Amino acid sequence: MCGIVGYVGGNNAKDYIIDGLKKLEYRGYDSAGIALQSENGIVVRKKEGKIANLEALIENEKLYGTTGIGHTRWATHGAPSDINAHPHMSQDESIAIVHNGIVENYMDLKKMLNEEYGIVFKTETDSEVIAQLISVLNKGDLEKAVYDAVAMMRGAYAFGVIAKDEPNKIIAYRKDAPLIAGLGKGCNFIASDIPALLKYLDEIYLIENDEMVICTPERVIIKDKDGRELKRKVLHVNWSLEDAEKDGYEHFMLKEIYEQPKAIKETLNRRIDENDNITLDGITLTKEQLEDFNKVYIVACGTAYHAGLVGKYVIEKMARIPVEVDIASEFRYRDPFVDDKTLFIAISQSGETLDTLAALREAKSKGARILSIVNVVGSSVARESDDVFYTWAGPEIAVASTKAYTTQLVCMYLIALYMGRLRETISEEYYRSILAELKAAPAKVEKILSRASDIESLAKMLYNRSNVFFIGRGLDSAVAYEGSLKLKEISYINSFAIAAGELKHGTIALMEPETIVISLATQDALFEKMVSNIVEVKARMAHVVSIAKEGNTKIEETSTETVYIPQCADEVSPLLSVVPLQLFSYYVAREKGEDIDKPRNLAKSVTVE
Ligand code: M6R
């Protein structure tokens with residue numbers, strides 16, 4: 001949700017910034033811009049659309065400056081346009097800023113700046129107030145002006161500032177939006193996220209809330225909100241550049257789908273010792289504490305929420321504790337039953353989703369113990385949790401989440417098995433059998449991937465339909481929600497997921513000849529019931545594509561097409577059955593010629609409410 005990058009050093013900042021912005025384009029891509037400190041003051045260039053448009057705009061210009069900031073935008077206030085693109089310059093052209101987040105009281109600030117200082121705003125954005133505010137407050141000390149501005153602002157933000165009168169310096173400030181500082185050789189950086197800087201360095205500082213960073217070519221200084229200098233541990237980033245690049249794949253999404261066997265293995269292997277005991281690294285809960293919880297809340301958004309639906313099923317089944325799953329944006333506003341006997345599990349790939357973060361804080365304020373399942377190390381959700389259980393999926397760049405989901409499922413299984421064993425609600429035999437199933441999952445996912453061309457053919461046949469339904473029972477219904485989200489977000493096809501047994505209570509009215517129904521029928525215990533639901537839609541002439549386990553050939557009698565996944569225990573089938581759905585969405589979107597990694601209106605990390 002907007003990406004920011006800044007460079008200060010001895011070379012042309014433009015090249016580093018454009019390169020960094022391309023790596024951050026997943027965060028927002030409706031416009032982009034750059035501001036450089038040049039000999040003639042601050043120069044700003046910005047353009048609606050992808051970064052390629054900005055590159056085209058400046059390609060014949062000799063822009064040069066050794067200090068600069070850049071931005072890639074996901075619009076909140078004001079339509080995507082050249083004028084609303086960042087950076088924003090103050091009226092006197094002394095200050096330029098890039099901003100990620102929202103200034104909630106921007107209307108009041110605008111009014112005050114207009115009435116008291118005669119500022120005429122050029123854009124419809126909330127962000128412009130930051131530039132104007134800092135410029136009117138700046139009496140020769142940029143640092144002080146930024147502190148004074150922040151004291152007047154409400155909201156969530158990370159912003160970077162350059163000033164005409166203070167060359168070779170970038171100041172940035174963080175409050176509830178991600179910000180890092182990168183430590184280069186003879187140069188330093190600010191950025192929203194690590195991929196922007198991977199090419200140039202492997203040492204970063206994580207910036208915390210209410211902290212200021214002052215970057216010069218020689219130093220990075222971090223200060224708290226009262227101006228006190230802080231000591232910060234350097235974080236060594238162990239991602240490789242290839243992790244953040246496409247590596248020969250046409251899209252990041254496809255690369256990430258294919259990375260799942262490795263990611264599942266990694267998430268799993270780090271937690272299982274040679275005697276098949278699960279070690280919950282990052283979790284300091286004692287046996288007594290775990291036994292003492294009387295309720296689990298799983299809260300997340302989007303795909304992570306769908307992983308939570310599977311989590312509910314497996315934790316209730318294995319650990320026999322009541323579990324509620326909630327959408328983060330709903331949780332915090334409905335006065336939920338949470339207290340110190342509640343284990344609150346937040347799931348988030350980015351660890352920066354504001355809805356999830358706000359729900360976590362709400363639960364924390366009511367005394368719950370916070371355990372988070374997060375992919376991005378050191379992210380806000382991770383830092384604000386009591387315990388963190390990382391999904392070791394590596395960077396996920398495509399907006400459509402894939403490997404984050406399957407590794408979130410692995411974490412859910414490990415937590416459920418661990419708790420079940422501790423609470424003696426599962427037998428040792430059951431524990432070992434599910435663990436064996438999990439260990440076998442990467443090879444089974446490989447097998448599904450080796451048949452991707454079958455799914456591609458299916459997508460070529462069905463890509464131009466306009467309505468798709470995903471149905472399933474039990475765990476299959478949780479996967480149906482994820483399959484449906486995947487399809488709609490990248491192919492823009494109207495899709496809808498529903499528990500198969502619920503169809504007859506209304507939704508079946510929508511079935512007509514050639515409606516596509518993707519039916520998940522991987523639950524042995526519910527297979528016959530599911531077949532009945534398939535027959536019901538088939539009788540309305542729907543085109544049914546079933547996902548079933550190898551050997552369950554009976555399904556072919558009632559389906560138009562069948563896609564098989566390897567045999568597995570019902571409990572772990574989501575890990576496998578989601579893969580053909582991810583591939584189907586990918587190939588449908590490709591067939592339609594959509595921008596798969598950067599679907600319209602979306603951004604990878606959603607840091608607004
Ligand atoms: O970073 P998070 O896991 O917290 O993100 C949550 C959702 O925004 C995310 O899963 C979103 O639904 C994806 N685009 C789904 O593919």
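Excluded from the calculations below are hydrogen atoms, water molecules and symmetry mates; all remaining heavy atoms, backbone and side chain alike, are included. Because the structure is a prediction, the values reported are computed rather than measured. Position 1 is the first residue of the sequence, and the numbers go up from there. Every number for a ligand or one of its atoms is a count from 1 in the order of the listing.
Within the 4.5 Å cutoff, the side chain of Phe470 has heavy atoms near those of the Leu487 side chain.
Counted by atom type alone, Glu352 and Ser380 present one or more donor-acceptor pairs between their side chains at under 3.5 Å. In the model, Thr303 has no side-chain atom that pairs as donor or acceptor with a side-chain atom of Ser401 under 3.5 Å. A donor and an acceptor atom, one from each side chain of Thr407 and Thr267, are nowhere located under 3.5 Å apart.
For the ring-ring contact (aromatic ring centres under 6.0 Å, His included) test, no residue two or more places apart in sequence or in another chain qualifies with Tyr405.
Relative orientation of the Phe189 and Tyr200 rings is parallel, given thresholds of 30° and 60° on the angle between their planes.
Sorted by chain and number, the residues within 4.0 Å of ligand 1 by heavy atom are Cys301, Gly302, Thr303, Ala304, Ser348, Gln349, Ser350, Thr353, Val399, Ala400, Ser401, Leu485, Lys486, Glu489.
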